[in-house]
Amino acid sequence: MNDPRTDHRARFLDLALRADALRFGEFTLKSGRQSPYFFNAGRFDSGAALAGLAACYADAVDAHGVAFDLLFGPAYKGIPLATALACEYANRGRDLPVAFNRKEAKTHGEGGNLIGAPLQGRRVLIVDDVITAGTAIREALGLIADAGGEVAGIVIALDRQEAVDPAKTRRSAAQTVAADHGLPVIAVATLTDLLAFASDHAELAAQRARLLAYCDAYGSEEV
C-alpha cells in the first residue's frame, strides 16, 4: 500500500479505525457468518469525520475516471454520504447536483419518493457504504431509470470481497452487481487493502491471521 498520507485507501482505513467505524472482534453478520471485523459507516458521525471520508470517496472516484454529473444517495446511509461527497466536490470547484430517495413514497405535498435534483437525462453516480445482498442498489437502479437518469457507476466505502454463496460461486456481491448491470463498482478500499494495511501496522498484525482465515472460508475470487 502506498504512503498513507496520500493514498485514499490507507487514509480511509486509518480514518475508519479512529472513528470506530472499523472494529475487530467477533461479529455476527446479517448472513449469519461470524466475522472477525465489522464496518459501520454510521460511526462517521461528525463534520470532520464526514469531510475526511468524503475526500477519500472523491479521490477513489477520480482515480477511476468514471464520467458522471449527479450524485445519488440511497436511503438511509447513502444520503449523508452523497451529501458530504457533493460538498467535497464543491470545495474542489465542481458543483454537483444531489438526489436521494425516501424509503416510503410521500403521498402529500410534492409527493413521490425522490428528493433533490431531477435525474432526467443525467449520468448518475450512486454513493453508498457497502453492497451486501445488493437489494438497496437494485432498488436505486430502478428508481433512477424510472426518473429518466442513466447510472454511470456505483461507489462504496468498503468492499468486503465475500462470496455471496461459496458453495456455488466465489463471486462477491459487488462483482455480481457489476456483472448483472454492466456498471463499474468503485470501492474506496477492499478487504485486500485491509490485509495490506494490517501488515503495515504493528498494532493490527494480530488481526491478520483471523482475517486470512475468514478469507479462506468466505472470500471471493478477487482476494
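Residues: numbered from 1 along the sequence shown.
- Summarising the geometry, atom CG belonging to Leu125 is positioned 9.0 Å from atom CG belonging to Leu70; distances are rounded to the nearest 0.5 Å.
- Summarising the geometry, atom OG1 belonging to Thr176 is positioned 9.5 Å from atom CD1 belonging to Ile131; distances are rounded to the nearest 0.5 Å.
- With sequence neighbours excluded, the residues that form a side-chain contact (heavy atoms from CB on, under 4.5 Å) with Thr190 are Asp159, Gln161, Ala187, Thr192, Asp193.
- The two atoms that bring Ala117 and Pro97 nearest to each other are CB-CB, 3.5 Å, heavy atoms only.
- Pairs passing the side chain to side chain donor-acceptor pair (under 3.5 Å) check and including a residue from residues 63-72, sequence neighbours excluded, read Asp69-Arg123.
- Residues satisfying the side-chain hydrogen bond (donor to acceptor under 3.5 Å, both in side chains) test with Glu26, not counting sequence neighbours, are Arg210.
- Cluster membership check: Val164 does not share its hydrophobic cluster with Leu191, using side-chain heavy-atom separations under 4.5 Å among Ile, Leu, Val, Met, Phe, Trp and Tyr.
- Listed by chain and number, the residues in a side-chain hydrogen bond (donor to acceptor under 3.5 Å, both in side chains) with Asp14 are Arg18 (sequence neighbours excluded).
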Evaluate the criterion side chain to side chain contact (heavy atoms under 4.5 Å, CB included) for residue pair Leu71 and Phe100; output intermediate values, then yes/no. CA-CA 8 Å; Leu71 300 170; Phe100 54 92; over 6 Å; no
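- What you find for Ala67 and Ala152 is that their closest heavy atoms are O-CB, 3.2 Å.
- Applying the side-chain hydrogen bond (donor to acceptor under 3.5 Å, both in side chains) criterion to Glu221, with sequence neighbours excluded, gives Gln175.
- Take Arg208 and apply the side-chain hydrogen bond (donor to acceptor under 3.5 Å, both in side chains) test, not counting sequence neighbours, and it matches Ser199.
- Using a 4.5 Å heavy-atom cutoff, the side chains of Phe72 and Ile144 are in contact.
- The line from CG of Leu85 to CG of Leu50 is 11.0 Å long, rounded to the nearest 0.5 Å.
- Evaluation of the salt bridge (charged side-chain N to carboxylate O under 4.0 Å, His left out) test over residues 129-151, restricted to residues two or more places apart or in two chains, returns Lys77-Asp129.
- Counting only residues at least two apart or in different chains, side chain to side chain donor-acceptor pair (under 3.5 Å) contacts with residues 29-39 comprise Thr28-Gln34, Arg33-Glu162, Ser35-Arg160.
- Between Pro74 and Asn101, the shortest heavy-atom distance links the atoms CA-OD1, 3.2 Å.
- Atoms CG and CZ, from Asp7 and Phe197 in turn, are 10.5 Å apart once rounded to the nearest 0.5 Å.
- Between the CG atom in Leu211 and the CG atom in Leu195 there is a gap of 5.5 Å [rounded to 0.5 Å].
- The side chain to side chain donor-acceptor pair (under 3.5 Å) pairs that include a residue from residues 84-97 are Asp59-Arg92, Asp62-Tyr89, Asp62-Arg92, Glu88-Arg92, where partners are two or more places apart or lie in different chains.
- Note: the hydrophobic cluster containing Leu119 also contains Leu141 (ILVMFWY, side chain heavy atoms under 4.5 Å, direct or indirect links).
- Applying the ring-ring contact (aromatic ring centres under 6.0 Å, His included) test to residues at least two apart or on different chains, none of the pairs has a partner in residues 129-186.
- Applying the side-chain contact (heavy atoms from CB on, under 4.5 Å) criterion to Phe38, with sequence neighbours excluded, gives Arg23, Phe27, Leu29, Asn40.
- The cluster map of Ile, Leu, Val, Met, Phe, Trp and Tyr, joined by side-chain heavy atoms under 4.5 Å apart, puts Val98 and Tyr57 in different clusters.
- Leu81 and Ile186 fall within a single hydrophobic cluster, where Ile, Leu, Val, Met, Phe, Trp and Tyr are joined by side-chain heavy atoms under 4.5 Å apart, directly or via other members.
- In plain terms, the two heavy atoms of His8 and Ala63 that are nearest each other are CE1-CB, 4.4 Å.
- For the side-chain contact (heavy atoms from CB on, under 4.5 Å) test with Asp128, the passing option among Val155, Ile137, Ile79 is Ile137; the others fail.
- Between Phe24 and Gln207 the shortest heavy-atom distance is CB-OE1, 3.5 Å.
- Annotation: side-chain contact (heavy atoms from CB on, under 4.5 Å) contacts of Pro118 (sequence neighbours excluded): Arg122.
- Separation of atoms CG (Leu143) and CD1 (Ile126) is listed at 9.5 Å; rounding is to 0.5 Å.
- When all heavy atoms are compared, the tightest approach of Ala60 to Val188 is CB-CA, 4.0 Å.
- Aromatic pair Phe12/Phe39: centroids less than 6.0 angstrom apart.
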